[in-house]
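Structure, as structure tokens:
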Amino acid sequence: MNYWLVKSDPETYDWSHFVQDQRTFWDGVRNFQARNNLRAMKEDELVLFYHSNQDPGVVGLARIAREAYQDPTTEDPQWVVVDLAVEGAFPRPVTLKAIKAEPRLVNIGLIKQSRLSVMPVTREEFDLIVGMGHGE
DNA sequence: GCCAACGTTGGC
DNA sequence: GCCAACGTTGGC
């Protein structure tokens with residue numbers, strides 16, 4: 001079981017839009033490392049949904065509903081998407097500021113590799129952020 | 001709007 | 001294969 005984090009610019013696709021859809025394909029990834037992470041995702045694994053740019057932070061949880069397949073928005077066979085389904089909103093968003101302030105999260109990919117849009121997180125990081133999202 | 005980080009492209 | 005130039009992302 002692996003755990004993941006995906007970023008979305010809320011101007012393009014925010015959490016409320018995702019809740020309306022309930023399920024979406026995660027398109028637009030054009031970076032090899034992010035693509036490789038998409039390919040490594042397995043059905044039913046859990047994903048932290050992160051808003052970048054304005055009020056950056058983790059706002060909710062998603063679940064992999066379908067593993068990687070050809071990105072329907074391009075003919076180029078090297079790019080893939082996965083399907084994500086809504087798992088649940090966080091009662092309290094976990095801001096980037098809060099993540100940076102948490103000593104147990106100093107090594108999280110989000111901070112170490114700030115430009116990567118799809119990345120794995122460890123079980124410990126995942127549990128901690130979910131806990132913070134519920135006010136712990 | 002600025003700038004740092006960093007991935008990609010292309011010349012050699 | 002190296003590296004400079006360039007483009008993009010994302011935090012502030």
Side-chain angles (χ1 to χ4, degrees):
Chain A
M1 185 77 177
N2 293 302
Y3 297 88
W4 308 95
L5 181 146
V6 296
K7 292 182 183 175
S8 187
D9 180 352
E11 289 212 348
T12 308
Y13 193 86
D14 72 350
W15 175 262
S16 67
H17 197 158
F18 184 37
V19 169
Q20 277 174 33
D21 291 347
Q22 282 297 305
R23 175 169 171 155
T24 189
F25 58 87
W26 206 254
D27 67 322
V29 169
R30 296 292 182 271
N31 167 286
F32 293 111
Q33 209 179 340
R35 191 277 314 272
N36 292 343
N37 290 331
L38 286 181
R39 282 194 175 147
M41 289 175 169
K42 299 294 178 204
E43 199 167 323
D44 288 329
E45 288 181 341
L46 295 172
V47 183
L48 299 167
F49 189 108
Y50 177 88
H51 279 168
S52 60
N53 298 315
Q54 36 190 76
D55 301 324
V58 179
V59 292
L61 256 190
R63 182 176 50 78
I64 310 291
R66 183 179 168 191
E67 294 175 15
Y69 58 98
Q70 167 71 36
D71 185 336
T73 67
T74 176
E75 297 288 309
D76 191 337
Q78 69 179 322
W79 303 119
V80 299
V81 297
V82 296
D83 284 359
L84 294 183
V86 171
E87 188 73 15
F90 280 179
R92 291 204 299 167
V94 180
T95 63
L96 179 61
K97 196 178 167 195
I99 290 169
K100 284 185 168 171
E102 169 52 59
R104 285 170 290 177
L105 294 175
V106 288
N107 288 317
I108 194 168
L110 187 65
I111 298 170
K112 289 266 167 176
Q113 249 188 304
S114 62
R115 289 185 53 223
L116 189 59
S117 63
V118 180
M119 69 188 81
V121 297
T122 67
R123 170 85 195 259
E124 289 72 24
E125 290 161 350
F126 179 86
D127 287 345
L128 196 54
I129 289 172
V130 170
M132 290 161 77
H134 289 78
E136 287 169 25

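Here is how names work: the chains are called A, B, and so on, in the same order as the sequence lines, proteins then strands, and each is numbered from 1.
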Sugar-phosphate, base or nothing in reach of A:K97, heavy atoms under 4.0 Å: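 If one applies the 4.0 Å heavy-atom cut-off, A:K97 turns out to touch nothing in the nucleic acid.
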What is the distance, rounded to the nearest whole Å, between atom [atom1] of [X] and atom [atom2] of [N]?
| X | N | atom1 | atom2 | value |
| --- | --- | --- | --- | --- |
| A:Q54 | B:dG1 | CD | C1' | 15 Å |
| A:N53 | B:dC2 | CG | P | 17 Å |
| A:Q113 | B:dG7 | CD | P | 6 Å |
| A:Q78 | B:dG7 | CD | C1' | 14 Å |
| A:E11 | C:dG11 | CD | P | 13 Å |
| A:R115 | B:dG7 | CZ | C1' | 6 Å |

For [X], is the [atom1] atom crowded, meaning more than 12 foreign heavy atoms sit under 6.0 Å from it?
| X | atom1 | result |
| --- | --- | --- |
| A:E75 | CD | no |
| A:R30 | CZ | yes |
| A:D21 | CG | yes |

Side-chain H-bond candidate by donor/acceptor type, A:D14 with A:S16, under 3.5 Å: yes
Whether A:F49 and A:Y13 hold their rings parallel, tilted or perpendicular, with breakpoints at 30° and 60°: tilted
Under-4.0 Å side-chain N/O to phosphate OP1/OP2 contact, A:K112 with B:dC6: no
Could I get a table of every N or O pair under 3.5 Å where one atom is in the protein and the other is in nucleotides 8-10 of chain B?
none

Student check: side-chain heavy atoms of A:Y50 and A:V6 closer than 4.5 Å: no
